[in-house]
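A short worksheet on the structure shown next.
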Amino acid sequence: MKRRSSFIFNFIKDIPVFISIAILFVFAVLFFVLPLREFSENENRMLAICPEPSLETIFDGSFRKEYETYLSDQFPMRDELLSFSVLSSRAEGKQRINDVIYAKEDDGKTRLIDDYKTPKNEDKFIDAVSRLYEGVESADITVMIVPTAYQFYEDEMPKVLLSQERARQQDTFERLREGIAAIGNKSVAEDMPEGFGRSGGINIVEGITNSLEEGRNAGFNMYYRTDHHWTMHGAYRGYRALAPYLKLPVDTALEDKMTIVSESFYGTTWSRVVDSSVLPDTIEIYENPAWENSLVVSYEDTKEVSSSPYNREYLDKKDKYSLYLNNQHSLIRIDNPGVDLTRTDGSKRRAIAIIKDSYANSLIPLLIDRYETIWVFDPRYYRGSIVEWVNEHPEVEDVLVLYNLATMDNDRGLGAIY
Amino acid sequence: MVFSGLLFLIFFLTALILCYFPVGIISGKIKTEKAGRIGIGIQNGILLVFSLFFYAWGEPKCVFLLIFSSFVDYIDGILLEKFKERPTAKKICLGISLLINLSLLGIMKYTDFFIGTVNRIAGTDIPLPGIALPIGISFYTFQTTSYSIDVYRGKVNAERNFFRYLTYISMFSQLIAGPIVRYSLIKNELTDRKTTLDNFTNGFRRFLIGLFRKVLIANELGALWDYLRGVSNISVAGAWLGFLIFTLQLYYDFSAYSDMAIGLGLMMGFHFDENFRYPLSALSITDFWRRWHISLSGWFRDYVYIPLGGNRKGRARQLINLGVVWFLTGLWHGAFWNYVLWGLYHGSMLVLEKFIWGRFLEKAPKFLRHIYTLIIVIFGFGLFYFEDMSAFGTYLTYAFGMAGNAISGPEILWAFGNYLPVIVFAVVFMFPVFPKITEFVKNLGGAKKNTATFVAGLVSVGLLILCIANLVRDSYNPFLYFRF
């Protein structure tokens, strides 16, 4: 009897050990049996594949690193395991998980915000803009730095994470001015662009936060709750802040003309937590019915041509933000002949060149009815000197540099500006 | 390779189980002496191959250094035994072994430190070669030298089989972050050990405990400490919480590694000594050092302090000996002056306890003694953390409220709001609570005991999956102790 009960006890005691070991074996087997995934839809990136070992890569350690990346990238049930980990962290009460901050909106909805990373490329950006200003001969330059959601939703964030972000944007403005002033041979327009106009002046857009704040108070969502981009409404409020600098008219009823194209958007911020308790985002667009007949959007790198700045096929995919201007392209040309070019000061301007990151993709549609031709440069991919290009195209009278503060910090392709 | 990594858990451990244990089971079934010997031979071979792979995965070049170092002491051991009756020859042999091993350690680990110090003192500008520290060199160098010294002293016989000796030195379980296992402790098990279900399951359970403490506690504490480090204008309470969190992190990280090492050893039939006995529950600094990284303090005691004369040559000499030991203990932890200071700081506390306030301390109430010890230890780990002395100075001005900072700040709220379960768990289990719980369960009656064991087992399976999930979440989690 005693022996039997101790047998049962040992059985109960040891079974979990064998279950645990079996779990390890199952993962090992699954890793080899499951088909290789080349692309992670959720993370929107290519996954690592098995590296080829060579004496060189083994000894310099790169094989090991690549193999470990391969293992974690191809790990069985990767997304499910991530969800499980996040779930347990949420249960512990964590408000920041995997560099994602859980913020609460007034109505109790969860807003996911990318954690703010220490600036890396601010100086490079400032340097690039200064050189652009130095190099461009006659076009006017406008620099627009969009705040991050981290910065904008300070009040929704867990109190402790209040940061000096707002101050940092101001600081970037100041340093931009200093950097530009250091060039010295041209004048910097102060605040409002009085002396601005075909003299090769430069302006830094202020008041974006206030304009976004107005939009928010009007009941609109300025940034996606699951993605790091701003919404079409955010872009519209950004446009309103930009308009006085480019002397563009503002259509105050534009927000009523937007249409919802998706209500199931989970963005890249969400992808880092894969948390099904967070509600999906709504995507809206603004379209002018007249575009169908007149508009030509040409993607110069891939030679695709479209009559809309929106590519609806992305709505069936995870990466729905790419709807705006078809994801990434080194150079896009948008022609909309016959639009009214009259500016608020009575002047006329036909063409603009935009140097930008993905934030601009949702703002550019709002400029389509203001310019005959819009050139859109993504300096990460554009190989060539943008300065030279601008100087060779005298019809381009405006150059807009549009970056989000966070992408500006992390992009490495700004060198192509000059 | 690290134990708390996907590669180790999913591939290395499963492959090892698949290769190693069937051999033991089969040779155990045959039950002849010869079968047993052959079985152990094969198991040692498997262990050696796996260990070298384990090390080479992270250090594809320095694995040859490890083999060379082992070979030197293997030859040296045989010579030491051969010259048993010739003291001078013996001394020369030991001298050569120590010279080679310690200069390898010195060159690989301390060149930059040495040149940097010379540069600072002499105002020269000799460029630093920037040698990358081979993982685990501090640990295995101490293992090989302890072997040579023990053979010299006639405490153990020289190992005649090089591969067996290399198996001992390179054994993956303790190669990278200890404990420092002496040859004398496991020499019998190198030739005669049993593969048993009990060893296997007990060892694996111990490994899991270590894994949970590393992944679910130490890594979380590390994230919290990273956050606290980044808080600008941190409050006084925040700064001290930071010290505490770093201390807990270091303890859980390092002792978890020892747990895993001991568990893995046990699975394969090796019995290593405990390396940590709840050091953060110590009642004095003397007590602390009987509980913290025991294999290292034991090493310094037996191979440095006692040979120097220990306490047998008068008070003055004893103080000098202690000074040397604690200077070296500090320096062993890292090639920066803050580690030396940390060692001397602990050394002085020990001396003060020994000669001045130890007697009074013993009479004080337990909780006071505990608080006294914790304050000294926690402050000491502050010194330990900051390799840059001026950064430490800045941190201290915050810790003592001299930077115009507040007494308490929102970061406290954040720390407790986000990490409360982890902090509570870490603080409770720094005391010997776990053995009490197991004891309690053991004393429960039949059915209750079975139920409790069953639930604990289920929880551990869940926690293992959680560990894997967390590792998938952040595949990057280096061990703190790799700096040593």
Side-chain angles (χ1 to χ4, degrees), chain A residues 5 8-21 23-31 55 58-61 63-64 67-69 71-73 75-89 91-98 118 158-164 272-273, chain B residues 1 5-7 9-11 13-15 17-18 56-61 197-198 200-202 204-205 208 216 220 223 227 230-232 409-422 446 449-451 453-454 456-461 464-466 468-475:
Chain A
S5 76
I8 290 172
F9 176 69
N10 280 337
F11 182 76
I12 287 172
K13 202 168 134 192
D14 288 346
I15 271 297
V17 168
F18 290 102
I19 295 174
S20 303
I21 288 168
I23 288 171
L24 300 182
F25 273 98
V26 166
F27 275 119
V29 170
L30 284 180
F31 179 78
L55 276 183
I58 287 173
F59 280 106
D60 68 13
F63 173 74
R64 173 175 60 88
Y67 195 88
E68 285 173 0
T69 316
L71 174 62
S72 57
D73 271 12
F75 204 82
M77 302 189 282
R78 195 176 140 80
D79 295 344
E80 290 79 2
L81 286 167
L82 177 63
S83 294
F84 179 51
S85 166
V86 169
L87 197 70
S88 86
S89 302
E92 281 170 47
K94 286 223 177 68
Q95 292 163 293
R96 178 173 56 186
I97 300 167
N98 228 11
T118 332
K159 286 235 161 10
V160 188
L161 291 174
L162 289 184
S163 66
Q164 304 94 353
R272 292 218 304 278
V273 290
Chain B
M1 207 183 296
L6 296 170
L7 192 70
L9 291 172
I10 306 302
F11 291 154
L13 192 56
T14 50
I17 289 173
L18 221 50
W57 184 257
E59 294 284 6
K61 287 182 210 142
L197 185 65
D198 263 7
F200 182 79
T201 54
N202 285 335
F204 190 76
R205 268 190 289 270
L208 279 188
L216 304 178
E220 296 292 300
Y227 161 74
V231 174
S232 54
E411 67 273 7
I412 300 279
L413 225 73
W414 173 261
F416 285 110
N418 281 273
Y419 293 91
L420 188 65
V422 175
K449 182 168 115 174
N450 287 351
T451 319
T453 310
F454 183 66
L458 279 188
V459 170
S460 80
V461 171
L464 174 65
I465 297 174
L466 184 58
I468 294 174
N470 278 7
L471 291 174
V472 167
R473 188 190 63 194
D474 43 14
S475 5

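Every chain is numbered from 1, with letters handed out A, B, ... down the list of sequences. Only a predicted model underlies this, so the values are computations on that prediction, with no experimental measurement involved.
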note = Whatever's closer than 4.5 Å to a heavy atom in chain B on F63(A) counts as side chain

ask   = Using non-hydrogen atoms only, which part of L71(A) is less than 4.5 Å away from chain B: side chain, backbone, both, or neither?
value = side chain

message = Can you tell me which portion of E220(B) sits under 4.5 Å from chain A's heavy atoms? Options are side chain, backbone, both or neither.
response = side chain

ask   = Who wins among L208(B), L197(B), I465(B) for the most heavy-atom pairs under 4.5 Å with chain A?
value = I465(B)

ask   = In terms of heavy-atom pairs under 4.5 Å, which option from D198(B), L466(B), L464(B) contacts chain A the most?
value = L466(B)

message = Test your reading of the model: is there a side-chain donor-acceptor pair from R78(A) to the backbone of S72(A), 3.5 Å cut-off?
response = yes

inquiry  = Closer than 3.5 angstrom, by distance alone: can the side chain of N98(A) be matched with the main-chain N or O of V273(A) as a donor-acceptor pair?
reply    = no

remark   = One option among T69(A), I23(A), I21(A) has the most heavy-atom pairs under 4.5 Å with chain B, and it is I21(A)

query = What are the two closest heavy atoms between L216(B) and V422(B), and how far apart are they?
reply = O-CG2, 4.3 Å

query = Are D14(A) and R205(B) ion-paired here, with the side-chain N under 4.0 Å from a carboxylate O?
reply = yes

query = Looking at F18(A), F31(A), F11(A), F59(A), which makes the most heavy-atom pairs under 4.5 Å with chain B?
reply = F59(A)

task = Answer with side chain, backbone, both or neither: which region of V231(B) has an atom nearer than 4.5 Å to a non-hydrogen atom of chain A?
result = neither

request  = Just give me the residue among G409(B), G230(B), G58(B) that pairs up with chain A most often, heavy atom to heavy atom, under 4.5 Å.
outcome  = G58(B)

query = Which atom names give the shortest non-hydrogen contact between G93(A) and N418(B), and what distance separates them?
reply = O-OD1, 3.7 Å

ask   = Do Y67(A) and L7(B) have side-chain heavy atoms sitting under 4.5 Å apart?
value = yes

ask   = Aromatic ring centroids of Y419(B) and Y227(B) under 6.0 Å?
value = no

message = Can you tell me which portion of F75(A) sits under 4.5 Å from chain B's heavy atoms? Options are side chain, backbone, both or neither.
response = side chain

request  = For the pair T453(B) (side chain) and K449(B) (backbone), establish whether a donor and an acceptor sit closer than 3.5 Å, ignoring hydrogens and angles.
outcome  = yes

ask   = Taking atom CZ of F454(B) as the centre, does the number of heavy atoms from other residues, nucleotides or ligands within less than 6.0 Å exceed 12?
value = no

request  = Under 4.5 Å, counting heavy-atom pairs only, tell me which of S85(A), S83(A), S20(A) racks up the most with chain B.
outcome  = S85(A)

query = Considering only heavy atoms, which portion of S88(A) lies under 4.5 Å from any heavy atom of chain B: side chain, backbone, both, or neither?
reply = side chain

task = Go through A15(B), P421(B), A223(B), A456(B) and name the one with the most non-hydrogen pairs under 4.5 angstrom from chain A.
result = P421(B)

